*Asks:* 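Let me begin by handing over the structure; questions about it come next.
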Amino acid sequence: MYLVLSRGPVGMTLTELDDSGGVARGPDEVVDLGAEVAIRERTPGAGRWVWDDTSRWYPGLLRAGVRVDRCIDLRLCRAILRNSSLTAASALSRSARDGWDEPTPEPRRGGYALFEVDDEPDDGAIGEFARQRAAVAATADPARIGLLLAAESAGALIAAEMRFAGLPWRTEVHDAMLSELLGPRPMADHRPAKMQAVLESVRETLDTPTLNPDSPPELLAALGRAGLQVQSTRSWELQSIDHPAIAPLLEYKKMARMLSANGWNWLDANVAGGRFRPDYVPGGVVTGRWASKGGGGALQLPRQIRGAVVADPGWKLVVADAAQLEPRILAALSSDRGMAEAGSAGDLYAGIVASGAVDTRAHAKIAMLGAMYGATSGESGRLLPRLAKAYPRAIAFVEDAARAGERGEVVTTRLGRSSPLGTSGGYDETATAADVTRARAQARSRGRFTRNFVVQGTAAEWALCWMAGLRGRLLGLGQGVGQGRREFTAGAHLVFFLHDEVVVHCPEDLAEQVEREVRAAAADAGRLLFGALPVEFPVTVAIVDDYGQAK
DNA sequence: TATTTAAGCGCC
DNA sequence: AAAGGGCGCTTAAATA
């Protein structure tokens with residue numbers, strides 16, 4: 001059963017569809033959306049909601065105290081089906097772009113109201129849903145891309161729920177960290193005292209009393225006057241230089257970064273009521289990873305300040321990280337038994353060393369990253385042949401993806417997300433030597449992208465399945481049957497997601513159960529994507545009071 | 001003055 | 001160690 005919600009000029013409607021997509025009832029006008037959804041959600045197996053855009057429907061429902069179990073997000077699914085090589089022959093894929101291909105419009109001030117009436121893009125949700133079902137049904141293995149659409153939609157629900165719940169954030173802890181590092185909070189537009197002291201040290205050693213180190217050209221000039229030959233002012237380039245100005249300069253850069261990216265202004269703008277509420281964008285990255293938007297910078301939270309993420313009294317944070325996810329995904333994608341074997345004991349990189357392919361764990365890691373990113377030179381490039389010899393199937397898999405990209409072809413993840421078309425990169429007989437060089441460089445760049453796309457994209461699919469499964473498992477924790485409905489934030493719930501890592505906030509007595517569910521959900525995700533393949537997806541779990549204690 | 005681009009750096 | 005994939009954000013610099 002599907003429950004299709006639409007917004008039109010005359011208001012909201014609900015249409016029930018049976019499993020074959022036929023109209024079973026409706027469309028009926030919906031007057032009280034919150035009540036309507038709540039009633040349906042109380043009925044087990046009531047169906048899956050179908051709507052244009054989770055980010056426009058769900059936040060209002062959550063504010064009204066209503067949680068949704070399952071949905072189809074037509075906008076997110078359209079983006080996948082529009083591009084997927086598996087549905088390339090479908091009417092949907094061949095149709096002209098329309099409103100369903102557009103990104104979510106920016107919300108009006110104050111966000112979307114629960115009962116807002118708005119026009120849907122171009123065609124009704126029922127029509128779009130039918131087109132999407134037809135596209136899926138015509139594929140060789142509808143369950144494959146069907147799983148991707150369900151996982152993507154579950155991700156949209158989770159993103160809204162995590163924003164609603166918020167990441168517990170202790171302002172006073174954060175403030176203490178900033179004061180310790182930079183000095184106490186200064187007046188607006190002044191540098192904190194410790195930072196100012198470090199700056200003076202830089203100015204003195206470079207003999208430039210008015211230096212603004214935040215200006216790369218100015219800094220470059222000052223370094224030049226001191227006799228330091230550098231191409232840029234990047235920290236990693238400065239690191240190796242032996243000069244009394246370098247240490248304080250690197251320290252200043254560290255401080256300046258913290259102040260501007262996650263300082264007091266960030267705190268004022270992003271933390272309220274003891275919660276940080278990131279604005280996640282599911283599917284925001286071409287590979288299927290999530291993006292984020294707004295000043296929060298949720299996916300770039302520095303390790304340095306994670307200690308400000310503190311569980312509520314009597315609660316714990318369960319921090320779970322999928323260990324070496326991308327290499328394991330590659331092993332599974334390529335059915336490389338040797339690499340799967342290397343990861344079976346726990347530490348994949350240690351397993352690679354044990355196999356004799358390389359001599360140290362650090363080398364194993366560098367070589368693997370190089371294989372997945374397309375390194376050609378440096379340490380990583382040199383180690384690659386050794387890896388290729390030990391794990392020919394895995395390396396051939398990424399090499400094939402790279403060659404396909406260089407030829408201008410599309411590559412596709414395990415569940416069916418395809419890479420976007422690249423720019424031509426070709427040249428004709430009128431091309432100059434420079435044109436040819438440029439075109440080849442572009443082709444190689446495209447190859448590095450497609451090489452990484454298959455791994456990163458499939459890892460993102462695994463992570464979505466992991467998190468969606470975990471969400472379902474958490475729901476059943478700590479509440480007996482028949483206790484009635486309650487706010488989901490009263491029990492174990494997801495509060496953070498970072499590509500291959502999740503954080504669950506839960507009452508203390510549930511933490512160990514949560515840990516078990518996290519591991520079980522990871523095993524489920526592996527089976528969902530790869531069936532019986534003997535590739536394991538171990539999870540590192542830490543039960544902590546603050547996020548800084550994890551790892 | 002307002003908007004866009006580039007540099008640099010944080011995360012995976 | 002500093003070459004390779006994907007992002008977003010802040011500041012300074014460049015442009016309109």
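On a predicted model such as this, the values are computed, not experimentally measured, just so you know. A note on names: the letters A, B, ... follow the listed sequences, proteins ahead of strands, and every chain is numbered from 1.
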*Asks:* Please classify the nucleic acid contact of A:E218 as base, sugar-phosphate, or nothing, using heavy-atom distances under 4.0 Å.
*Replies:*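 Nothing, no nucleic acid heavy atom in range.
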
*Asks:* Just compare C:dC7, B:dG10, B:dA7 and give me whichever is closest to any side-chain atom of A:P216.
*Replies:*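 Side chain of A:P216 sits closest to B:dA7.
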
*Asks:* Could you check which of C:dT11, C:dG5, B:dG8 has an atom nearest any side-chain atom of A:N452?
*Replies:*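 Shortest atom-to-atom distance from the side chain points to C:dG5.
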
*Asks:* Among C:dG6, C:dC9, C:dA3, which nucleotide has an atom closest to any side-chain atom of A:F449?
*Replies:*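 Minimum distance to the A:F449 side chain belongs to C:dG6.
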
*Asks:* So, is A:R448 close to the C:dG5 phosphate, meaning a side-chain N or O under 4.0 Å from OP1 or OP2?
*Replies:*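 A:R448 to C:dG5 OP1/OP2: side-chain N or O found under 4.0 Å.
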
*Asks:* Go through C:dC9, B:dC12, C:dA12 for me and flag the one nearest to the A:S215 side chain.
*Replies:*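 Nearest nucleotide to the side chain: C:dA12.
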
*Asks:* Considering only C:dC7, C:dG5, B:dC12, which nucleotide approaches the side chain of A:E501 most closely?
*Replies:*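 Given the options C:dC7, C:dG5, B:dC12, the side chain of A:E501 is closest to B:dC12.
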
*Asks:* With 3.5 Å as the limit, what N/O pairs link the protein to nucleotides 14-16 of chain C?
*Replies:*
none

*Asks:* Taking the minimum atom-to-atom distance to the side chain of A:R303, which one of B:dC11, C:dC9, B:dG8 wins?
*Replies:*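 Given the options B:dC11, C:dC9, B:dG8, the side chain of A:R303 is closest to B:dC11.
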
*Asks:* When all nucleic acid strands are considered with a 4.0 Å heavy-atom cut-off, which category describes A:R234: base, sugar-phosphate, or nothing?
*Replies:*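 Sugar-phosphate contact only - A:R234 comes under 4.0 Å of backbone atoms but never of a base.
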
*Asks:* Salt bridge check, A:D101 against A:R82: does any charged N sit closer than 4.0 Å to a carboxylate O?
*Replies:*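 Answer for the salt bridge query: yes.
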
*Asks:* Just checking, any donor-acceptor pair under 3.5 angstrom between side chains of A:S85 and A:T412?
*Replies:*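 Their side chains do contain a donor-acceptor pair, which is all the 3.5 Å distance test asks for.
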
*Asks:* Would you kindly compare A:D214 and A:A291 by the position of their nearest DNA chain C nucleotide and give the one closer to the 5′ end?
*Replies:*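 The residue closer to the strand's 5' end, by nearest nucleotide, is A:A291.
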
*Asks:* State whether a side-chain donor-acceptor pair under 3.5 Å links A:S335 with A:R393.
*Replies:*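 No, because no side-chain N or O of A:S335 sits under 3.5 Å from a partner of the opposite role on A:R393.
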
*Asks:* Which of the following nucleotides, C:dT11, C:dC7, C:dG4, is nearest to the side chain of A:S260?
*Replies:*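 Of the candidates, C:dT11 comes closest.
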
*Asks:* Using the side-chain heavy atoms of A:P302, tell me which of these nucleotides is nearest: B:dG10, C:dT11, C:dG8.
*Replies:*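 Between B:dG10, C:dT11, C:dG8, the one nearest the side chain of A:P302 would be B:dG10.
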
*Asks:* So which nucleotide from B:dC9, C:dG5, B:dC11 ends up closest to the side chain of A:Q456?
*Replies:*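 Comparing B:dC9, C:dG5, B:dC11 against the side chain of A:Q456, the answer is C:dG5.
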
*Asks:* Under 4.0 Å from OP1 or OP2 of B:dA7: is there any side-chain N or O of A:T233 that close?
*Replies:*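 Answer is no, no contact under 4.0 Å.
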
*Asks:* Going by the rule side-chain contact (heavy atoms from CB on, under 4.5 Å), which residues pair with A:D400 if we only count those two or more places apart in sequence or in a different chain?
*Replies:*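 side-chain contact (heavy atoms from CB on, under 4.5 Å) list for A:D400, sorted by chain: empty.
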
*Asks:* Answer yes if the side chains of A:Q324 and A:D347 hold a donor-acceptor pair under 3.5 Å, and no otherwise.
*Replies:*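 Side chains of A:Q324 and A:D347: pair found under 3.5 Å.
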
*Asks:* Taking any heavy-atom pair under 4.0 Å as a contact, classify A:S235: base, sugar-phosphate, or nothing.
*Replies:*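 Since only primed, P, OP1 and OP2 atoms lie under 4.0 Å of A:S235, the category is sugar-phosphate.
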
*Asks:* Please check the phosphate of B:dG10 (OP1 and OP2 only) for any side-chain N or O of A:K254 closer than 4.0 Å.
*Replies:*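 So the side chain of A:K254 is within the cut-off, an N or O lying under 4.0 Å from OP1 or OP2 of B:dG10.
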
*Asks:* Check the phosphate of C:dG5 against A:T287, side-chain N and O only, distance under 4.0 Å to OP1 or OP2. Yes or no?
*Replies:*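 A:T287 to C:dG5 OP1/OP2: no side-chain N or O under 4.0 Å.
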
*Asks:* Would you check if A:Y373 stacks with the base of C:dG5, given a 5.5 Å centroid limit and a 30° plane limit, both strict?
*Replies:*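 Stacked: centres under 5.5 Å apart, planes under 30°.
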
*Asks:* Would you kindly compare A:Q239 and A:V285 by the position of their nearest DNA chain C nucleotide and give the one closer to the 5′ end?
*Replies:*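 Its nearest nucleotide being more 5', the pick is A:Q239.
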
*Asks:* Report the nucleotide, chosen from C:dG6, C:dA13, C:dA3, that has the shortest atom-to-atom distance to any side-chain atom of A:W236.
*Replies:*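 The closest nucleotide is C:dA3.
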
*Asks:* So, is A:K253 near the phosphate of B:dG8, with a side-chain N or O under 4.0 Å from OP1 or OP2?
*Replies:*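 For A:K253, the contact criterion (side-chain N or O under 4.0 Å from OP1 or OP2 of B:dG8) is not met.
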
*Asks:* Consider only side-chain N and O atoms of A:S344 and A:E536, and report whether a donor and an acceptor are under 3.5 Å apart.
*Replies:*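 Side chains of A:S344 and A:E536: no pair found under 3.5 Å.
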
*Asks:* Round to a whole Å and report the spacing from CD of A:E326 to C1' of C:dG4.
*Replies:*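 Rounding to the nearest Å, CD of A:E326 and C1' of C:dG4 are 13 Å apart.
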
*Asks:* Can you find a side-chain donor-acceptor pair between A:D214 and A:Y252 that sits under 3.5 Å?
*Replies:*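 Yes - a donor-acceptor pair under 3.5 Å links their side chains.
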
*Asks:* Indicate, with a heavy-atom threshold strictly under 4.0 Å, whether A:L301 touches base, sugar-phosphate, or nothing.
*Replies:*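 The residue A:L301 makes sugar-phosphate contact but no base contact.
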
*Asks:* Whole Å only: how far is the NE2 atom of A:H363 from the P atom of C:dA2?
*Replies:*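 Checked: the NE2 to P distance equals 11 Å.
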
